[in-house]
Amino acid sequence: MHTNAKKTASADLSAIIEGLIKADVKFILVGGLAAVVQGAPVTTIDVDIVYNRSSENVSKLFTFLKSIDAIYRRPDNKIIVPKKEDFSGMRHALFSTRLGPLDVLAFIEQEKTYEDLLKHTVEIEFRGHTFHVLNIKTLIELKKTSKDPKDKQRLPVLEETLRQLENEK
Amino acid sequence: MAEEIKTQNSSGVDKGLVAMFIKMSPEQRLKANDNAIRAILELRNAYQRQKNSKCRPKRNN
């Protein structure tokens with residue numbers, strides 16, 4: 001039997017992204033890994049995604065989560081597996097998986113959903129597929145309004161990354 | 001005398017490190033992050049093992 005503690009002992013965040021793409025899940029990569037993908041030299045230990053809440057997409061997401069042994073991430077070691085109906089509301093679901101931590105979000109700051117964020121994404125090519133990543137400019141704008149001190153701490157690195165990316169153009 | 005190159009911006013961000021990451025492909029950046037996590041977990045485990053071994057009472061033979 002696995003526990004939360006054992007699951008955090010390994011991570012392959014690239015495999016989570018690849019798995020989501022192959023499972024044909026509609027998602028936008030947000031958070032620290034979105035910054036990493038666009039060139040920010042930061043390290044993050046989880047994948048944060050905002051997902052499309054259509055019934056078809058939730059089914060695909062749920063099947064994918066089962067395939068990577070997702071269980072709710074909790075301070076105790078209680079094992080609670082997700083149910084499909086958990087994704088019908090505007091909720092966040094934070095998981096431990098055999099590939100590493102995965103945060104499945106219905107929305108992010110200012111209650112922005114998949115549909116709201118899609119126009120603020122860049123398409124990234126990865127292992128022969130493409131996926132949507134929240135652009136660094138929007139990431140910075142959202143982090144500025146965040147109350148999380150970790151977000152504020154990262155802002156100067158993200159701003160420098162954006163500056164250098166814009167100079168490259 | 002060697003020319004002094006400003007490597008940090010006013011917020012203390014390492015501009016060279018940012019430039020190095022920007023030159024990588026998205027896949028290389030994800031791999032670098034995965035490698036960093038593995039290294040962090042390995043170091044944490046090593047630290048935990050050492051801490052546990054120090055806590056264990058010594059046996060008197």
Side-chain angles (χ1 to χ4, degrees), chain A residues 5-18 20-21 29 31-47 99-101 122-133 135-136 140 152-169, chain B:
Chain A
K6 272 184 190 163
K7 281 199 171 177
T8 51
S10 66
D12 188 351
L13 306 189
S14 303
I16 295 181
I17 303 286
E18 191 176 20
L20 283 162
I21 297 168
L29 183 68
L33 209 59
V36 169
V37 166
Q38 289 167 88
V42 294
T43 300
T44 185
I45 57 162
D46 62 359
V47 178
L99 299 175
V122 285
E123 277 195 82
I124 299 282
E125 244 190 85
F126 176 65
R127 296 181 183 172
H129 305 270
T130 55
F131 69 104
H132 291 279
V133 179
N135 70 43
I136 199 152
I140 291 169
K152 295 253 187 259
Q153 204 184 359
R154 271 188 185 160
L155 260 177
V157 182
L158 300 191
E159 284 166 340
E160 177 61 25
T161 306
L162 177 63
R163 198 190 60 77
Q164 290 197 24
L165 284 170
E166 284 181 340
N167 281 351
E168 264 192 351
K169 283 178 190 168
Chain B
M1 209 168 112
E3 191 189 341
E4 197 187 330
I5 301 167
K6 214 176 169 194
T7 57
Q8 290 187 342
N9 70 8
S10 56
S11 310
V13 176
D14 185 336
K15 294 198 296 188
L17 197 62
V18 174
M20 193 181 94
F21 255 68
I22 283 177
K23 281 183 197 136
M24 292 178 179
S25 70
E27 190 161 351
Q28 286 172 322
R29 293 171 195 149
L30 281 172
K31 201 171 175 186
N33 188 69
D34 282 342
N35 289 341
I37 300 171
R38 279 192 205 109
I40 290 166
L41 291 173
E42 209 176 320
L43 289 166
R44 277 187 190 164
N45 288 340
Y47 171 75
Q48 199 60 44
R49 275 198 305 273
Q50 190 167 358
K51 216 170 96 178
N52 291 346
S53 70
K54 275 184 184 167
C55 290
R56 243 178 258 147
K58 282 180 188 168
R59 272 192 234 161
N60 290 326
N61 290 332

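Below, read A as the first sequence line, B as the second, and so on, with proteins coming before strands; counting in each chain starts at 1.
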>> side chain to side chain contact (heavy atoms under 4.5 Å, CB included) for B/Phe21 and A/Thr161? Distances and angles first, verdict last.
In response: CA-CA 9 Å; B/Phe21 255 68; A/Thr161 306; over 6 Å; no
>> side chain to side chain contact (heavy atoms under 4.5 Å, CB included), that's the test. Do B/Leu30 and A/Leu33 meet it? Break it down for me.
In response: CA-CA 8 Å; B/Leu30 281 172; A/Leu33 209 59; 3.7 Å; yes
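Under a cut-off of 6.0 angstrom, the local environment of CZ in B/Arg44 is sparse, with at most 12 non-hydrogen atoms contributed by other residues, nucleotides or ligands. Counting non-hydrogen atoms of neighbouring residues, nucleotides and ligands closer than 6.0 angstrom, the CD atom of B/Gln28 exceeds 12 such neighbours.
For a residue to count as touching a neighbouring chain, one of its non-hydrogen atoms must lie under 4.5 Å from one of that chain's; by this rule A/Glu168 touches chain B with the side chain only. Both the backbone and the side chain of A/Leu165 come within less than 4.5 Å of a heavy atom of chain B. Contact of A/Ile124 with chain B is made through the side chain alone, with heavy-atom distances under 4.5 Å. Neither the backbone nor the side chain of A/Val133 comes within contact range of chain B; no heavy atom of the residue lies under 4.5 Å from a heavy atom of that chain. Within the 4.5 angstrom heavy-atom criterion, no atom of B/Lys23 approaches chain A.
Rounded to the nearest 0.5 angstrom, B/Asn33 CG and A/Leu13 CG are separated by 6.0 Å.
Closest approach of B/Lys15 and A/Arg163 over heavy atoms only: CD-NH2, 3.9 Å. Here the closest non-hydrogen pair linking A/Val36 and B/Arg29 is O-CD, 3.1 Å. Scanning both residues, B/Arg38 and A/Ala11, for their nearest heavy atoms gives NH2-O, 3.7 Å.
Under the 4.0 Å criterion applied to side-chain N and carboxylate O atoms, B/Glu27 and A/Arg127 are assigned as salt-bridge partners.
A donor-acceptor pair under 3.5 Å is absent between the side-chain atoms of A/Asp12 and the main chain of B/Asp34, judged by distance alone.
When B/Ala19, B/Ala32, B/Ala36 are compared by the number of non-hydrogen pairs under 4.5 Å with chain A, B/Ala19 comes out ahead.
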